[in-house]
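The next block holds one structure in the form of structure tokens; read it before the comments.
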Amino acid sequence: MLDIRMFRDHADVIRADHDKRGLQHDAIDEVIRLDEAWRKARFDADQLRRQRNEAARGIAAAKKAGDDAEFQKIKSEVDTIAAEIENLGDVADAHEAERDRIRMSIPNILHTDVPIGDDEGGNTQHSLHGEKPTFDFDAKTHNDLIEMNRWVDLPRAAKIAGSRFYFLKGDLAHLELALQQYAVDFISERGYTFVQPPVMMNREAYEGVTDLADFESVMYNIQPDGFYTIATSEHPLTAMFMDEVLEPSLLPIRIVGVSPCFRREVGAHGQGDKGIWRVHQFTKVEQIIITHPDDSWNHHEELLTNCVDLWDSLGLHYEVVNICTGDMGTVAAKKYDLEAWLPGRGEYKEIVSCSNCTDYQANRLRMRYRTTEGNAAVHTLNSTAVATSRALVAIMEQNQLEDGRVRVPDCLISRMGGKTHLEPCEW
RNA sequence: GCGGACGUCGCAUAGCCUGGUAUCGCGCCGGAUUUGAAAUCCGGUGGUAUUCGCCGCGGGAGUUCAAAUCUCUCCGUCCGCGCCA
């Protein structure tokens, strides 16, 4: 959510951003109109409260003096004012609620580097890493490999849970765990604190970190308690500082988290989504930075550097893309994606997302830091380190041998008990 | 799950019984003093505002002219018991 002061003092900046995104200005105008109406009602009510408070001060004196006539006179005066205050208060509350409902749907202000484009076709290449593997046989898709090696059981998972759930088995399950530990250690060594978050959150905290539409299409709602299962540990790890005023000396706060991630994936279909590429549950190691606004763009590059170093160490071929206006979403001001080469499919596909959300989440969560001129919103950043299910897909497709076995990345061999190749499961 | 105690500004506390302007301390910021630092002293340190003020004592509701204070309810924390990976 944008700071209300942006609408009051710099609406032209929001309008320019909407032009860049190809959006109409109606919502901006409506927020400004409702804000003015709210402030008017609020001001009028404050003036009346002042009258009431001044009058009420006489009551204590009248009571003490035992002057009942004076007390009755003041009371009737105060009663009239109180009714008006209540009326104005209701008006103010209604305007404020509507103002903020619309304000929450207005997207963040984009960084000037964000390329303009209608959809993912407008994303631009930032850099290319590793060498594209070549095969003297037809490269298989990860879906073929998990089937022939019996590393994933989709039908049985569908039986007990539903489609897009899976049992991960044998050597592939071991590799998944090794990846988690490797990524956590890799990022921890760079000064990030390892944190394991709750995997359910309440509505209020969740509204602070996500797009409202996600409540319909992404998160599972757990009843009767009303919790939402997290779609990524970014959400609890960012919201954990909700309603806090942070000491500047604590910033930046660097966190590496790991958690299961749950996604409803409403509307996801198609050949490209077979196997474990798009699933309802997966594990992700995530990087989070909470920082002073002046430093956030440097930290955005820091997060990308960590990703690049980590994925280079896995020996994989991928590209970094700069996400364009049409592919951005509401929360981030700038976003890099890492897209790994999947030889079985012959495409680069998203494996990492690295975002600077500036003060958009912090405003909604009331996460501030102390300054000499008062408190100001912090900036929040997040980046995948490794989403294990997708990393497994990239490793399987790029490191496959003709017989269907898969070479373990060198950096993970010691965590695999010295195993250099993933062997098939017996059942 | 049962019983009890308790939620007050960044932290820590007083005020609650007996309703009537939010207390003291620490930390932090600014200033004075100092070669510098420490110590000491002075001031400031929740939100909002059309800068008068208004609102704020975990959230919500109620009683009242008036609620941090009384009542109800929800949430959370701590202690004891029970259950338990």
Side-chain angles (χ1 to χ4, degrees), chain A residues 1-9 11 31-97 99-100 103 196-208 222-228 236 239-253 259-260 290-292 294 359 362-378:
Chain A
M1 182 169 72
L2 296 176
D3 191 332
I4 191 64
R5 283 170 295 197
M6 284 293 290
F7 292 89
R8 291 174 190 165
D9 306 330
V31 168
I32 292 171
R33 187 186 73 75
L34 288 164
D35 184 50
E36 281 167 2
W38 170 71
R39 292 171 85 185
K40 171 92 173 67
R42 173 76 192 268
F43 180 77
D44 292 345
D46 279 0
Q47 294 303 317
L48 287 170
R49 279 199 193 91
R50 180 185 165 196
Q51 283 181 34
R52 185 190 61 183
N53 291 346
E54 280 168 1
R57 258 171 227 135
I59 286 182
K63 279 272 186 187
K64 263 181 196 151
D67 187 344
D68 195 54
E70 178 68 8
F71 167 71
Q72 290 300 338
K73 177 169 163 281
I74 298 174
K75 176 170 153 37
S76 68
E77 203 179 305
V78 165
D79 282 347
T80 315
I81 298 173
E84 285 179 61
I85 291 173
E86 183 158 358
N87 191 22
L88 273 172
D90 290 346
V91 170
D93 288 350
H95 282 143
E96 188 185 23
R99 180 196 76 179
D100 287 344
R103 184 155 65 116
Q196 298 192 31
V199 298
M200 294 184 202
M201 288 170 64
N202 62 42
R203 175 93 191 192
E204 195 208 346
Y206 228 130
E207 282 183 355
I222 305 296
Q223 293 301 341
D225 300 287
F227 294 126
Y228 292 86
M240 73 186 285
F241 300 101
M242 179 169 81
D243 283 320
E244 293 191 32
V245 179
L246 300 163
E247 288 297 336
S249 59
L250 277 174
L251 304 176
I253 298 171
S259 80
I290 315 285
T291 189
H292 190 284
D294 291 349
D359 62 1
N363 283 328
R364 188 78 183 86
L365 292 167
R366 298 169 298 275
M367 276 162 58
R368 297 146 293 162
Y369 68 100
R370 206 173 289 289
T371 78
T372 47
E373 287 96 34
N375 300 327
V378 295

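Since the structure is predicted, the reported quantities are computational estimates derived from the model, not experimental observations. Below, read A as the first sequence line, B as the second, and so on, with proteins coming before strands; counting in each chain starts at 1.
- Whole-Å rounding puts the A/R42 CZ to B/G56 C1' distance at 11 Å.
- Figure legend. B/G1 is base-paired to B/C81; pairs are counted as Watson-Crick or G-U wobble with both atom distances under 3.5 Å.
- Across every non-hydrogen atom of A/L246 and A/I290, the tightest pair is CD1-CG2, 4.1 Å.
- Here the P atom of nucleotide B/C65 and the CD1 atom of A/I85 are 15 Å apart, to the nearest Å.
- Between A/E244 atom CD and B/G46 atom C1' there is a gap of 15 Å when expressed in whole angstrom units.
- The residue A/R39 sits close to a base: some heavy atom pair falls under 4.0 Å.
- Remark: B/A49 base-pairs with no nucleotide in the shown strands. Criterion, Watson-Crick or G-U wobble with two distances under 3.5 Å.
- One P atom belongs to B/C83, the other to B/C17, and the distance between them is 41 Å to the nearest Å.
- Rounded to a whole Å, the CD atom of A/E96 is 12 Å from the P atom of B/U48.
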Please step through side-chain contact (heavy atoms from CB on, under 4.5 Å) for the pair A/I253 and A/F241, ending with a clear verdict.
CA-CA 10 Å; A/I253 298 171; A/F241 300 101; 3.8 Å; yes
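- The gap from the P atom of B/G58 to that of B/A12 amounts to 13 Å, rounded to the nearest Å.
- The separation of B/C9 from B/A68, taken at their C1' atoms, amounts to 13 Å, rounded to a whole angstrom.
- When heavy atoms are screened at a 4.0 angstrom cut-off, A/R8 is found touching the sugar-phosphate backbone but no base atom.
- Taking atom C1' in both B/G7 and B/U73, the straight-line distance is 16 Å, to the nearest Å.
- Scanning all heavy atoms of the two residues, the minimum distance from A/L365 to A/G208 falls at CD2-CA, 3.7 Å.
- A straight line from NZ of A/K40 to C1' of B/C54 spans 15 Å, rounded to a whole angstrom.
- Remark: B/G76 base-pairs with B/C6; criterion is Watson-Crick or G-U wobble with both hydrogen-bond distances under 3.5 Å.
- In this structure, B/U35 forms no base pair with any nucleotide, since neither Watson-Crick nor G-U wobble geometry is met with both distances under 3.5 Å.
- B/U21 and B/A66 have their P atoms separated by 15 Å, with the value rounded to a whole Å.
- Residue A/F43 places its side chain closer to B/A49 than to any other of B/C54, B/G10, B/A49.
- Here B/C74 presents its P atom at 19 Å from CD of A/E204, a figure rounded to the nearest Å.
- Taking the C1' atom of each, B/U8 and B/G46 are spaced 12 Å apart, rounded to whole Å.
- In this structure a side-chain-to-backbone donor-acceptor pair under 3.5 Å is present from A/R103 to A/L2.
- Between A/R366 atom CZ and B/G58 atom P there is a gap of 16 Å when expressed in whole angstrom units.
- Minimum interatomic distance between A/D35 and A/R8 (heavy atoms only, all atoms of both residues): OD2-NE, 2.7 Å.
- When rounded to the nearest whole Å, the span between CE of A/M201 and P of B/G76 equals 15 Å.
- In terms of position on RNA chain B, the residue among A/Q51 and A/W38 whose nearest nucleotide sits closer to the 5' end is A/W38.
- Note: A/Y228 and A/Y206 have perpendicular aromatic rings, judged against thresholds of 30 and 60 degrees for the angle between ring planes.
- Between A/E86 and A/R52 there is no salt bridge, since none of the side-chain N atoms of the basic residue sits less than 4.0 Å from a carboxylate O of the acidic one.
- Checked against B/U50, B/C54, B/C55, the side chain of A/D46 finds its nearest nucleotide in B/C54.
- A distance of about 15 Å separates the C1' atoms of B/G60 and B/G76, rounded to the whole Å.
- Among B/G47, B/C52, B/U50, the nucleotide with an atom closest to any side-chain atom of A/Q47 is B/C52.
- Remark: B/C70 base-pairs with B/G62; criterion is Watson-Crick or G-U wobble with both hydrogen-bond distances under 3.5 Å.
- Rounded to whole Å, the separation between the C1' atoms of B/A14 and B/G25 comes to 11 Å.
- Of the nucleotides present, B/C29 is the one that pairs with B/G43 by Watson-Crick or G-U wobble criteria, both distances under 3.5 Å.
- You'll find a donor-acceptor pair under 3.5 Å spanning the side chain of A/R50 and the base of B/C52, going by distance alone.
- Residue-to-nucleotide proximity on RNA chain B shows that, of A/A45 and A/E36, the 5′-proximal contact is made by A/E36.
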